[in-house]
Amino acid sequence: MIGANELLSHAETLTDPVRLTDRILRAGLLMHASDIHFDPDAGSVRVRFRIDGELEEVLRIPGAMQSGVVGRLKVLASLDIAERRAPQDGGFTWRMPDMGGARFSPLDVRMATLPVRHGERVTLRLLETDAERLTLDNLGLSEADHAVFSEVLAQPHGLVLLTGPTGSGKTTTLYAAIRQLLKGRPLNILTVEDPIEYEIPGVGQAEVDSSDKVNFSKALKSLLRHDPDVIMIGEIRDVDSLDAAVKSALTGHLVLSTLHTNDAKSSVTRLVDMGLDPHLVPATLRLAVAQRLVRRLCPKCRVKGANGFEAKGCPECGGRGYAGRIGLFELYDPSTGRLTSMRDDAKAKIESGVTSWSEVVRAIGTDGLGNGGGAR
């Protein structure tokens with residue numbers, strides 16, 4: 001089977017934009033990149049992959065190939081090839097040819113262009129369409145937190161919020177929660193998303209569009225006419241979406257959504273600031289889950305250091321010392337006041353060698369971790 005490094009070696013010498021684009025997409029899939037950036041400068045185009053949250057430059061394309069590659073991507077995404085002075089958004093599904101018997105799930109690719117000084121900047125978001133791995137078991141929840149989360153999801157109504165900054169994995173956790181619900185009793189599950197990131201069979205997924213024919217407010221009002229048991233709202237972003245979420249939670253629906261707060265407990269303050277009556281918080285909010293993402297240490301080459309295990313690098317992980325990411329979690333139940341600590345979760349993951357001290361510091365800082373994150 002051809003590896004990612006072989007695909008990228010001498011790729012800058014290719015003169016066929018179709019073959020070059022294909023190689024870059026194949027390498028991105030093999031390296032588990034979440035994003036591919038094409039960033040033009042005066043004489044070349046820098047190609048960077050975001051892998052486990054970190055950007056890596058993997059290739060330089062000659063400037064003469066820029067228009068061909070961008071054109072090829074626009075064709076795939078059904079964008080206007082002639083339009084080079086205005087941003088465009090689109091997407092396509094890409095299938096990698098069988099390689100040495102290995103089969104890969106199709107990629108849903110979301111594409112955005114932006115005119116810059118030396119041409120058009122292109123960013124591709126790679127979304128594997130195989131959602132089988134999106135389960136609560138794979139997120140990194142502790143046994144106790146997993147039990148609490150599962151118990152709340154088994155309730156017939158109430159509001160469950162995922163909190164944290166952009167890029168902390170909230171949407172992935174929402175999808176995992178939905179997959180958990182699908183394993184139980186038959187349910188009518190409907191979502192409103194912007195955009196739909198993963199297609200889940202058996203779930204009615206509505207996507208907000210730029211023309212405003214389907215916005216959050218209109219979609220939420222319509223959803224309630226379709227007899228849902230569970231509603232997922234991509235984000236509580238304004239008074240209208242909050243009002244719809246609260247009314248749904250109070251009238252016998254389980255509502256899942258996200259909110260931008262730094263920790264789980266702050267979700268209560270945020271909801272009140274947005275207009276929710278404080279007395280309705282314990283009646284509505286069943287659980288708030290705060291999370292961050294950290295890179296997993298490569299189990300093949302991690303080494304013991306002063307502050308727990310540290311990254312070393314080997315062929316298995318491409319010399320990075322890390323392979324994949326895992327969540328750090330904090331759960332808050334406003335009805336009981338029960339609050340688990342993200343810092344305790346981080347300490348446990350440092351001590352067990354799942355992640356490193358430096359990764360945790362990057363994600364949540366050092367306050368409360370103690371000397372060496374509790375490692376001995």
Side-chain angles (χ1 to χ4, degrees), residues 51-54 133 135-153 160-174 176-177 180 258-269 287-314 316-317 320-334 336-376:
I51 301 171
D52 297 335
E54 301 292 316
R133 60 185 180 82
T135 66
L136 290 184
D137 296 335
N138 294 333
L139 299 177
L141 289 159
S142 68
E143 186 175 338
D145 285 350
H146 189 293
V148 171
F149 203 162
S150 298
E151 182 180 343
V152 170
L153 290 177
V160 178
L161 288 177
L162 277 297
T163 76
T166 300
S168 59
K170 301 186 296 297
T171 302
T172 298
T173 303
L174 282 180
Q180 174 97 345
T258 68
L259 193 68
H260 284 287
T261 63
N262 288 327
D263 55 63
K265 204 168 185 180
S266 295
S267 60
V268 173
T269 305
L287 187 69
V289 180
Q291 65 181 86
R292 300 292 189 277
L293 288 177
V294 292
R295 291 182 293 173
R296 290 177 181 264
L297 282 166
C298 174
K300 299 288 186 180
C301 64
R302 65 186 180 185
V303 294
K304 200 75 171 75
N307 293 328
F309 286 89
E310 297 174 352
K312 182 182 178 182
C314 67
E316 192 79 17
C317 60
R320 298 177 190 87
Y322 297 93
R325 290 194 287 178
I326 193 169
L328 304 178
F329 293 93
E330 171 181 286
L331 275 62
Y332 175 60
D333 179 351
T336 63
R338 179 182 182 272
L339 175 67
T340 63
S341 166
M342 185 179 292
R343 301 195 182 282
D344 287 345
D345 191 29
K347 286 181 181 181
K349 288 183 168 78
I350 291 172
E351 292 174 353
S352 61
V354 172
T355 191
S356 66
W357 163 259
S358 60
E359 274 296 290
V360 169
V361 169
R362 181 187 60 79
I364 65 173
T366 58
D367 290 347
L369 282 175
N371 183 25
R376 296 287 185 269

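Taken from CD in Glu54 to CZ in Arg320, the straight-line distance is 10.5 Å, to the nearest 0.5 Å. With rounding to the nearest 0.5 Å, the separation of CZ in Arg292 from CG in Asn262 is 6.0 Å. For the atom pair CG of Asp137 and OG1 of Thr135, the computed distance is 4.5 Å after rounding to the nearest 0.5 Å. In this structure, Arg302 CZ and Phe309 CZ are separated by 5.0 Å, a value rounded to the nearest 0.5 Å. One distance of note links CG of Asn138 with OG1 of Thr172; it measures 11.0 Å at 0.5 Å rounding. Taking CG from Leu162 and NZ from Lys170, the interatomic distance works out to 8.0 Å, rounded to the nearest 0.5 Å.
Counting only heavy atoms from C-beta outward, the side chains of Tyr322 and Ile51 never approach each other to under 4.5 Å. Side-chain contact between Ile350 and Asn307 is absent, with no heavy-atom pair separated by less than 4.5 Å. Using a 4.5 Å cut-off on side-chain heavy atoms (C-beta onward), Ser266 and Thr163 make no contact. Considering only heavy atoms from C-beta on, His260 comes within 4.5 Å of Thr166 through its side chain. Taking 4.5 Å as the limit, every side-chain heavy atom of Lys300 sits out of range of all side-chain heavy atoms of Cys317. No side-chain heavy atom of Arg325 sits under 4.5 Å from any side-chain heavy atom of Glu359.
Of all heavy-atom pairs between Leu161 and Ser267, the closest is CD1-CB, 4.3 Å. For the pair Lys312 and Val303, the tightest heavy-atom approach, listed with the atom from each and the gap, is CD-CG1, 3.8 Å. Closest approach of Asp345 to Phe329, counting heavy atoms only: OD2-N, 2.8 Å. Of all non-hydrogen atoms in Phe149 and Thr173, the two that sit nearest each other are CE1-CG2, 3.8 Å. Of all heavy-atom pairs between Ala176 and Leu139, the closest is CB-CD1, 3.9 Å. Pairing each heavy atom of Ala346 with each of Val360, the nearest pair is CB-CG1, 3.7 Å.
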- request: Please test Glu316 against Cys301 for side-chain contact (heavy atoms from CB on, under 4.5 Å), starting from the C-alpha separation and ending with a verdict.
  value: CA-CA 8 Å; Glu316 192 79 17; Cys301 64; over 6 Å; no
field: Derivation and outcome, side-chain contact (heavy atoms from CB on, under 4.5 Å), residues Glu330 and Asp263
entry: CA-CA 8 Å; Glu330 171 181 286; Asp263 55 63; 3.3 Å; yes
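Side-chain atoms of Arg343 come within 3.5 Å of backbone N or O of Ile364 as a donor-acceptor pair. Not one N or O on the side chain of Lys349 forms a donor-acceptor pair closer than 3.5 Å with the backbone of Val294. Using modelled atom types, no side-chain atom of Gln291 and backbone atom of Gly164 make a donor-acceptor pair closer than 3.5 Å.
Screening Asp333, Leu287, Thr340, Val289 against Val148 for a side-chain contact (heavy atoms from CB on, under 4.5 Å) leaves a single residue, Leu287.
By the neighbour-count criterion of 12 heavy atoms within 6.0 Å, atom CD of Glu151 is sparsely surrounded, having that number or fewer from other residues, nucleotides or ligands.
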